[in-house]
Amino acid sequence: MTEKIRVRYAPSPTGHLHIGNARTAIFNWLFARHYQGQFVIRIEDTDLARNVAGGEKSQLDNLKWLGVDWDEGPDKPNPEYAPYRQTERAKLGIYDRYIQELLDQGKAYKSYKTEETLKAEREAQAAAHQAPHYVYEYAGMDADQIKAAQVKDEAAGLKAVVRFRVSEDHDYQWQDIVKGKVKINSKEIGGDWVIQKADGMPTYNFAVVIDDHLMEITHVLRGDDHVSNTPKQLMVYDALGWQAPKFGHMALIIKAETGKKLSKRDEDTLQFIEQYRELGYLPEAMFNFIGLLGWSPVGENEIFTREQFKDMFDETRFTKANAKFDAKKLAWVNNQWMRAEKDRVMPQLIAELVKAGLISQQEADQQADHLAKIIEIAGVDGIKATSEIAPLATYPFFKLHDISDEDKAAWLDTEAGKQVTSAFAKAAAALTADDFTAENLMKLIRQLQTDLAIKGRPLWNPIRLITTHEVQGPNLPEILAVMGRDWTLKNIQETLV
RNA sequence: GGCUCGAUGGUCAAGCGGCUAAGACGUCGCCCUUUCACGGCGAAAUCUCGGGUUCGAUUCCCGAUCGAGCUACCA
């Protein structure tokens with residue numbers, strides 16, 4: 001590819017960054033970075049009613065968190081292309097200018113049909129088993145008659161929208177970067193469509209074309225759900241005499257349970273980047289997982305850094321079929337990353353202990369090393385997200401369970417149990433605080449094994465029970481060494497009384 | 001309903017006319033081990049179905065089936 005690549009991610013500020021949006025952003029970013037092109041962010045906020053306060057900020061924050069940066073955007077304007085919010089562009093009259101041009105050329109016209117009329121038309125079409133389509137309201141009229149009708153509607157106080165005059169029968173086709181050749185006839189568009197709404201705002205399908213052209217976007221990589229918008233956009237490019245960018249429509253990410261497109265309204269699937277962020281997923285892991293959805297590299301590895309993705313990117317390797325979102329694999333990917341980035345993750349893990357109320361912030365700050373050891377042996381290697389550490393570390397490190405009657409009967413009240421616990425209590429007390437190491441404790445228990453001729457669970461469980469109140473858990477000598485002599489002896493004493 | 005697109009194990013997927021059809025997640029088993037987790041080893045499991053084309057189809061073509069997307073003054 002020799003031309004300069006300019007791609008964009010164009011979110012609507014209607015809420016948090018969704019997994020599907022994130023994927024679009026990530027692949028566009030990859031596309032730009034791989035070919036040393038430029039990545040632009042544009043805010044498509046023409047639907048005033050759906051914009052939510054903070055939506056734009058949240059989108060951008062989460063993008064940054066993922067490690068996706070941009071060369072131009074609302075916060076980073078290039079004067080040649082700014083502004084980057086469609087509402088601001090609309091105020092500048094950017095869209096009006098081209099709407100007027102189309103109006104002047106007769107390629108678009110003012111339409112005064114009311115919502116009620118349109119609704120009734122569609123219902124009638126549905127009843128007649130016809131595809132819903134817009135019926136041209138000025139059929140058979142000459143220019144003067146049209147003018148007269150419009151003047152009359154205007155006088156009646158009706159608000160006009162501007163509709164694009166769609167050709168009767170024209171094939172719109174393009175070579176899609178992921179799907180190959182796609183062809184859609186103008187008959188399937190559903191009739192003349194609105195390019196300017198009654199409130200004066202351009203519609204998405206129109207504004208996108210104007211902006212992509214003006215911003216010199218060369219490639220548009222977006223979701224499959226935009227395929228049917230493409231012919232509409234193509235006809236605007238044609239009407240204005242512009243060259244369309246190359247399009248690529250990526251297969252969608254669908255819900256594992258239903259096989260349907262992930263919908264922002266589903267509350268049972270975690271599908272916002274924000275949610276994973278709060279659970280303690282690593283941005284690298286999210287990027288890694290998403291980068292492998294609907295796209296695959298050449299080799300056999302599964303764990304990659306952003307840099308590696310950037311180097312490997314190849315727009316010919318997109319999958320054509322939809323991909324189900326597999327939360328288990330995401331968890332595995334995150335686990336891989338957590339282990340690779342343990343130093344960086346440790347403060348987050350400690351913060352989780354504070355959050356869970358197990359320790360105070362002050363303790364967290366003062367005992368970072370000690371807490372790190374606890375976390376390490378509590379089982380970081382097995383967790384999928386940082387938020388999972390608190391339940392793992394609570395017992396026995398910060399609280400003790402009550403010993404159950406069954407455990408007591410099975411391990412402590414037996415003859416062997418009594419022997420083991422009293423011998424261990426004595427031997428442990430004989431160790432100084434400095435000698436209270438995992439190594440020495442292991443040696444001590446091995447000695448007990450020899451002396452008492454008891455081994456396996458009958459040996460270990462009683463000791464585990466009187467010190468930690470558990471019959472299973474991480475390596476016992478390590479627990480005791482980390483928690484220390486005082487803690488151990490105190491537990492033994494309280495338990496044996 | 002119409003249009004567009006898609007179809008390899010439960011999931012993500014490699015494959016691009018000839019292979020014992022990669023790999024990963026998950027599942028199961030074994031090993032390690034006082035237990036849990038981690039780790040190691042191994043196993044089960046896939047080309048939707050018909051027709052063609054071809055010496056030969058998972059791969060190319062057609063049809064069926066199934067699935068998804070779209071069908072707004074939302075993006």
Open item on the list: Show the nearest heavy-atom pair for residues A:Leu103 and A:Lys110, with the distance to one decimal.
Closed with: CD1-N, 4.2 Å

Under a 3.5 Å cut-off for both contacts, is [N] paired Watson-Crick or G-U wobble with anything, and if yes, with which nucleotide?
N: B:U53; result: none
N: B:G29; result: B:C41
N: B:U65; result: B:A7
N: B:G1; result: B:U71
N: B:U20; result: none

Looking at the side chain of [X], which of [options] is the nearest nucleotide?
X: A:Glu302; options: B:A72, B:U34, B:G23; result: B:G23
X: A:Gln472; options: B:A75, B:C70, B:C36; result: B:C36
X: A:Thr46; options: B:G26, B:A13, B:A75; result: B:A75
X: A:Glu44; options: B:A72, B:A75, B:U4; result: B:A75
X: A:Lys324; options: B:C12, B:C25, B:G69; result: B:C12
X: A:Pro132; options: B:A68, B:C73, B:G1; result: B:G1
X: A:Arg464; options: B:G69, B:A14, B:U34; result: B:U34
X: A:Leu252; options: B:G69, B:G26, B:A75; result: B:G69
X: A:Lys320; options: B:G23, B:C73, B:G6; result: B:G6
X: A:Asp326; options: B:A75, B:A68, B:U11; result: B:U11

At less than 4.0 Å, is any side-chain N or O atom of [X] found next to OP1 or OP2 of [N]? Yes or no.
X: A:Arg317; N: B:A13; result: no
X: A:Ser296; N: B:A14; result: yes
X: A:Lys329; N: B:G23; result: no
X: A:Ser228; N: B:U71; result: no
X: A:Arg222; N: B:A75; result: no
X: A:Arg339; N: B:G39; result: yes

Open item on the list: Using side chain to side chain contact (heavy atoms under 4.5 Å, CB included), reason through A:Trp193 and A:Val161 one step at a time and then give a plain yes or no.
Closed with: CA-CA 10 Å; A:Trp193 52 283; A:Val161 299; over 6 Å; no

Describe the nucleic acid contact of [X] in one word from base, sugar-phosphate, nothing, applying a heavy-atom distance below 4.0 Å.
X: A:Lys255; value: nothing
X: A:Lys260; value: sugar-phosphate
X: A:Ala198; value: base
X: A:Ile463; value: nothing
X: A:Arg50; value: base
X: A:Asn229; value: base
X: A:Val194; value: sugar-phosphate
X: A:Gly473; value: base
X: A:Asp45; value: nothing
X: A:Thr14; value: nothing

TODO: Measure from CD1 on A:Ile479 to C1' on B:A37 and round the result to the nearest Å.
DONE: 12 Å

What I want to find out is whether [X] reaches [Y] closely enough, with some N-O distance under 4.0 Å, to be called a salt bridge.
X: A:Lys181; Y: A:Asp176; answer: no
X: A:Glu44; Y: A:Arg42; answer: yes
X: A:Glu284; Y: A:Arg344; answer: yes

Open item on the list: According to a cutoff of under 5.5 Å between the ring centres and under 30° between the ring planes, does A:Trp460 stack with the base of B:U34?
Closed with: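 It does: the two rings, one from A:Trp460 and one from B:U34, meet the stacking criterion.
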
Open item on the list: Students often mix this up, so state it plainly: with edges at 30° and 60°, are the rings of A:His170 and A:Tyr172 parallel, tilted or perpendicular?
Closed with: tilted

